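Here is the structure we will look at.
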Amino acid sequence: MVSQNVVVSDAKTGIITVSTVSNSSVFTPSAQKPPTAPGYISISKKKLLKNLEINGAQSQRLTSWVDSMRASSPTHLKSLPSLSAQEELNSWIKRHPSALDMFERVTEAARGKQIVMFLDYDGTLSPIVDDPDRAFMSSKMRRTVKKMAKSFPTSIVTGRCIDKVYSFVKLAELYYAGSHGMDIKGPTKGFSRYNKDKPSVLYQPAGDFLPMIDEVYKQLVEKTKSTAGAKVENNKFCLSVHFRCVDEKKWSELALKVRSVVKNYPTLKLSQGRKVFEIRPMVKWDKGKALEFLLESLGFENCNEVFPIYIGDDKTDEDAFKLLREREQGFGILVSKFPKDTSASYSLQDPPEVMDFLRRLVEWKQTQQ
């Protein structure tokens, strides 16, 4: 028997964990043993074997994974009968009402407190597009975010690397938390009144993983180059494998290719977003931790007079939504036209509604001065 890496997919959460187990019949031996990282998640052999159900389990795991990939599509409800879909949507909206419809309730809760704004990028400030390199935000949205930053401390929290998202946003007065919060930088000095005497680079909790991320990136590019439509993106401290343009019949094949690479790196975590695989260091850090860190950096640690608002559209934003619920401060807003399991309090349908909400919030702030 030898120690080997095994990938377990959770169809409900879309998280794929990589663990080490002694069983020569599951996978071939690991080619490389990466360094141990804080926050490493292990699975007991007994629990792992139970989940895999060894006999025929590989096929079941793959089916579960592909089902999760299919569910990550924001339009998956189209397969349901129209009446059933409408009933589900109505029920969901009652639980997560429009932030625009509930705007007065929002501002009443925020009155007398310091609003701090956190914004995802793709699907929130820009539309979801087939080519991730062309996810441009409109000039109108940029002007709105610029006004927002003059009224409230404002951060972009994204899975993208900071350089890439900055090339889209082009606003020096914002905080940027790239790579799912693993690369945090404050505003350029002199552009914001909220970062006086603060260093430009605030935090990089996964810095030791850079060589490994670069290595895995090269392997994924080589492994997926034969899959038409697949695109691997290096986000510095994490990687994304986009399958939005991949034929659905090829999803199983792509899933196996991605897994065959990541299984050799037990300190990396594989999860799914909106038609994208995310590969991240297995450290105890996420968008929720990034939100908390930024609040502390702004001087709002253990402060009852702060009102954080987080707007995002993806599974990775749920960590931030959950944190706000735990803190019982502020609220999360999910951007979606379709019902999704979420810890967000409110919803908005698309980037134009996000822009409308931000515009109204700035206008409300001006009436309070």
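Nothing here was measured: the structure is a model prediction, and the numbers come from that model.
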How far apart are the C-alpha atoms of Val261 and Ile279, what are their side-chain angles, what is the distance that settles it, and do they pass the side chain to side chain contact (heavy atoms under 4.5 Å, CB included) test? CA-CA 11 Å; Val261 173; Ile279 298 97; over 6 Å; no

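- Side-chain atoms of Thr144 never come within 3.5 Å of backbone atoms of Arg359 as a donor-acceptor pair (strictly under, hydrogens ignored).
- Between the side chain of Glu173 and the backbone N or O of Lys146, no donor-acceptor pair lies under 3.5 Å.
- Other residues, nucleotides and ligands place more than 12 heavy atoms under 6.0 Å from the CD atom of Glu104.
- Asp317 contributes a side-chain N or O that, together with a main-chain N or O of Asp314, makes up a donor-acceptor pair within less than 3.5 Å.
- There is no path of hydrophobic side-chain contacts, each under 4.5 Å, that joins Val129 to Phe243.
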Hey, mind stepping through Asp131 and Lys231 against side chain to side chain contact (heavy atoms under 4.5 Å, CB included) and telling me if it holds? CA-CA 9 Å; Asp131 184 354; Lys231 182 177 179 65; 4.2 Å; yes

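- With hydrogens and angles ignored, the 3.5 Å screen pairs no side-chain donor or acceptor of Ser91 with any backbone N or O of Glu88.
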Chi angles and distances behind the side chain to side chain contact (heavy atoms under 4.5 Å, CB included) call for Tyr121, Met137: CA-CA 9 Å; Tyr121 183 76; Met137 68 189 302; 3.6 Å; yes

Go through His180 and Asp286 one step at a time and tell me if the side chain to side chain contact (heavy atoms under 4.5 Å, CB included) criterion holds. CA-CA 6 Å; His180 298 287; Asp286 51 43; over 6 Å; no

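- Checked options Arg95, Lys315, Lys322, Glu318; the residue passing with Thr342 is Glu318 (criterion: side-chain hydrogen bond (donor to acceptor under 3.5 Å, both in side chains)).
- One finds no salt bridge joining Asp122 and Arg274 here, because no Lys/Arg side-chain nitrogen approaches an Asp/Glu carboxylate oxygen to under 4.0 Å.
- Ion pairing between a basic and an acidic side chain is recognised when a charged N comes within 4.0 Å of a carboxylate O; Lys218 and Glu222 show no such pairing.
- Side-chain atoms of His242 and Asp130, non-hydrogen and from C-beta on, never get closer than 4.5 Å to each other.
- Looking only at distances, no side-chain donor or acceptor of Trp92 sits under 3.5 Å from a matching main-chain atom of Phe338.
- The backbone N or O of Lys236 lies less than 3.5 Å from a partner atom in the side chain of Asn234, making a donor-acceptor pair.
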What donor-acceptor contacts under 3.5 angstrom involve side-chain atoms of residues 161-171, with partners at least two apart or in another chain?
| from | atom 1 | to | atom 2 | distance (Å) |
| --- | --- | --- | --- | --- |
| Lys164 | NZ | Asp133 | OD1 | 3.3 |
| Ser167 | OG | Lys164 | O | 2.5 |

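- In this structure, the side chain of Ser138 engages the main chain of Met141 through a donor-acceptor pair within 3.5 Å.
- Of the possible polar contacts, none joining the Ser155 side chain to the Val157 backbone as a donor-acceptor pair under 3.5 Å is found.
- Within 6.0 Å of CZ on Arg111 lie more than 12 heavy atoms contributed by other residues, nucleotides or ligands.
- Under the ring pair (Phe, Tyr, Trp, His ring centres under 6.0 Å) criterion, the residue pairs touching residues 308-329 are Tyr310-Phe321, with sequence neighbours excluded.
- A search for salt bridge (Lys or Arg N to Asp or Glu O under 4.0 Å) contacts involving Glu233 returns Arg160, not counting sequence neighbours.
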